[in-house]
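Residue numbers start at 1 and run along the sequence shown.
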Amino acid sequence: MDQITIPAPADFHVHLRQGAMSELVTPHVALGGIQTAYVMPNLLPPITSTEQALSYKRDLQKLAPNTEFLMTLYLHENMLEEVEVEENGEKKKVLRGVHEIRKASRAGIRGVKSYPRGVTTHSSTGIESYEPYYPVFRALEEEGMVLNLHGEVPSDDAENISVLNAEKHFLKHLRKLASDFPKLKIVLEHATTKEAVDCVKSLSDNVGCTITPHHLVLTIDAVPAQPFHFCKPIAKEPIDRRALLDVVASGHPRFFLGSDSAPHPIKSKVPKLPNTSVEAEGPHGAVEGDGPQPCAAGVYTSPVLLPLVAYILEKAGALDKLEGFVSGNGRAFYGLPVDKNDRAVTLQRVKGKKVPAFFKGAQEGAEVVPFMAGEELGWEIAA
């Protein structure tokens, strides 16, 4: 098989950032073969209103007019505030979140993303408990919108919770939400563990799950030596990677592509040395200044996404599941049917073509290193 044609490939979890970085990476969605992108709302400030989401969508469409962008809201504590609205000539008070969900649904916004506080990029205004948001979840259920869950809990020394087991500890929340809202479509985002795969499989058809290509490749051993492999949730053990590959290879209809492609400037991915520009010297010749900076969490896959997935599935002996994973399964879950000939993308075999070392934008600092830079994938998007 030297060519594969996929009807309307879709990425159901992508970060497109703001400003100069957005200008660089937004066109990369189509470059990687994706026609429909489900866009995350964790900007600064986060997208918490319908107006913000629609404004952001207009910005993205200017950068990539042929890509379909599906927008989301950020589950934020301001959704628990009461606001006064007028219905049928009468004024009444409702939760801001409930009112916003109704507006968002009418505007075509597809879902709401929940981030536990502080677990990943731009999640400092995330939530700490799910029960206060139950009225918002009921509104989502009634409107047929989707609740997207970052499936980790914050680290806690006292409870022995770390990045290595944060997803496992989250699964009790997923089970409860799925039980309490049996008609609400819920997506566990970027699963990384065997336990998460088994949990989603055990739940009813209202629960889906995205899987990233980098978690189909990496294990925890690949992370410490390479900052461009560091992401949240972090890659886990070989048994976990095997479970992810197996469920994709099985063609399970509730597991589908969500790349979590997350661009960061190169300087944010490579931890900085202490600032040595300060002239004042301390004892023993020490230089005062800033300490080392942390590495940003995120793996960037958008510009090579479809060839990358084809490469991974072919190695796993599951190339026949490519169409379901990158198009059919996710579209069916989200209710986005597509004609077989609609916006089809063709992959073709290629030899000697390597993933670029990095992509550089027009402005300083807009530089990103893609996953598997310098490697051959053996597939490319046909012109």
Side-chain angles (χ1 to χ4, degrees), residues 12-13 15-16 18 22 37-62 68-120 122-151 154 173-174 176-189 204 206-208 333-336:
F12 283 97
H13 185 132
H15 297 271
L16 296 177
Q18 298 159 279
S22 185
Y38 193 76
V39 183
M40 294 295 105
N42 59 330
L43 304 185
L44 292 175
I47 299 214
T48 60
S49 74
T50 300
E51 291 77 14
Q52 286 175 307
L54 295 179
S55 175
Y56 187 33
K57 182 177 182 178
R58 288 191 292 271
D59 292 341
L60 297 176
Q61 287 182 318
K62 290 177 184 177
E68 178 185 25
F69 297 106
L70 305 178
M71 309 309 291
T72 60
L73 299 182
Y74 187 111
L75 189 67
H76 192 275
E77 58 192 4
N78 69 11
M79 290 188 171
L80 301 180
E81 300 170 357
E82 282 195 336
V83 295
E84 189 173 76
V85 299
E86 185 172 322
E87 290 184 6
N88 301 320
E90 295 184 3
K91 291 183 178 181
K92 64 177 184 178
K93 289 186 176 181
V94 299
L95 283 186
R96 181 188 299 276
V98 173
H99 178 61
E100 202 61 55
I101 293 306
R102 308 293 187 206
K103 285 173 56 181
S105 177
R106 292 193 297 269
I109 292 167
R110 293 286 178 165
V112 170
K113 178 67 182 288
S114 166
Y115 292 93
R117 192 182 303 274
V119 300
T120 191
H122 299 166
S123 63
S124 61
T125 53
I127 70 171
E128 295 180 339
S129 175
Y130 295 94
E131 283 77 8
Y133 295 87
Y134 269 32
V136 179
F137 299 159
R138 279 193 289 272
L140 283 173
E141 190 175 47
E142 292 166 1
E143 295 294 335
M145 292 173 67
V146 176
L147 175 62
N148 302 94
L149 299 171
H150 182 113
H173 299 295
L174 175 61
K176 188 173 191 308
L177 288 169
S179 174
D180 291 348
F181 298 93
K183 295 182 180 179
L184 172 61
K185 286 189 175 183
I186 300 171
V187 176
L188 175 65
E189 299 291 345
S204 59
N206 66 310
V207 180
F333 188 87
Y334 274 87
L336 299 168

Would you mind reporting whether [Y] and [X] have side-chain heavy atoms less than 4.5 Å apart?
{"X": "Pro154", "Y": "Pro116", "value": "yes"}
{"X": "Leu75", "Y": "Lys113", "value": "no"}
{"X": "Glu142", "Y": "Arg102", "value": "yes"}
{"X": "Tyr133", "Y": "Leu80", "value": "yes"}
{"X": "Asn148", "Y": "His13", "value": "no"}
{"X": "Met71", "Y": "Leu60", "value": "yes"}
{"X": "Tyr56", "Y": "Leu16", "value": "yes"}
{"X": "Leu177", "Y": "Tyr134", "value": "yes"}

I need the minimum non-hydrogen distance between Val98 and Pro135, along with the two atoms involved. CG2-O, 3.6 Å

Measuring from atom [atom1] of [X] to atom [atom2] of [Y], what distance do you get when rounded to the nearest 0.5 angstrom?
{"X": "Glu81", "Y": "Leu95", "atom1": "CD", "atom2": "CG", "value": "10.0 Å"}
{"X": "Leu54", "Y": "Gln61", "atom1": "CG", "atom2": "CD", "value": "9.5 Å"}
{"X": "Lys183", "Y": "Leu140", "atom1": "NZ", "atom2": "CG", "value": "15.5 Å"}
{"X": "Lys92", "Y": "His99", "atom1": "NZ", "atom2": "NE2", "value": "11.0 Å"}
{"X": "Leu188", "Y": "Leu174", "atom1": "CG", "atom2": "CG", "value": "5.5 Å"}
{"X": "Ile47", "Y": "Met40", "atom1": "CD1", "atom2": "CE", "value": "11.0 Å"}

The criterion is ring pair (Phe, Tyr, Trp, His ring centres under 6.0 Å); which residues satisfy it with Tyr334, sequence neighbours excluded? Phe12, Tyr38

Ignoring hydrogens and angles, tell me if any N or O in the side chain of [X] forms a donor-acceptor pair with the backbone of [Y] under 3.5 Å.
{"X": "Glu100", "Y": "Thr50", "value": "yes"}
{"X": "Lys185", "Y": "Phe333", "value": "yes"}
{"X": "Thr72", "Y": "Val39", "value": "yes"}
{"X": "Gln52", "Y": "Thr48", "value": "yes"}
{"X": "Asn78", "Y": "Arg96", "value": "no"}

Between Val94 and Val83, does a side chain to side chain contact (heavy atoms under 4.5 Å, CB included) hold up when you go through it step by step? CA-CA 6 Å; Val94 299; Val83 295; 4.1 Å; yes

With a cut-off of 6.0 Å (strictly less than), are more than 12 heavy atoms of other residues, nucleotides or ligands near CD of Glu90? no

Using 30° and 60° as the class boundaries, would you call the ring planes of Tyr130 and His173 parallel, tilted or perpendicular? tilted

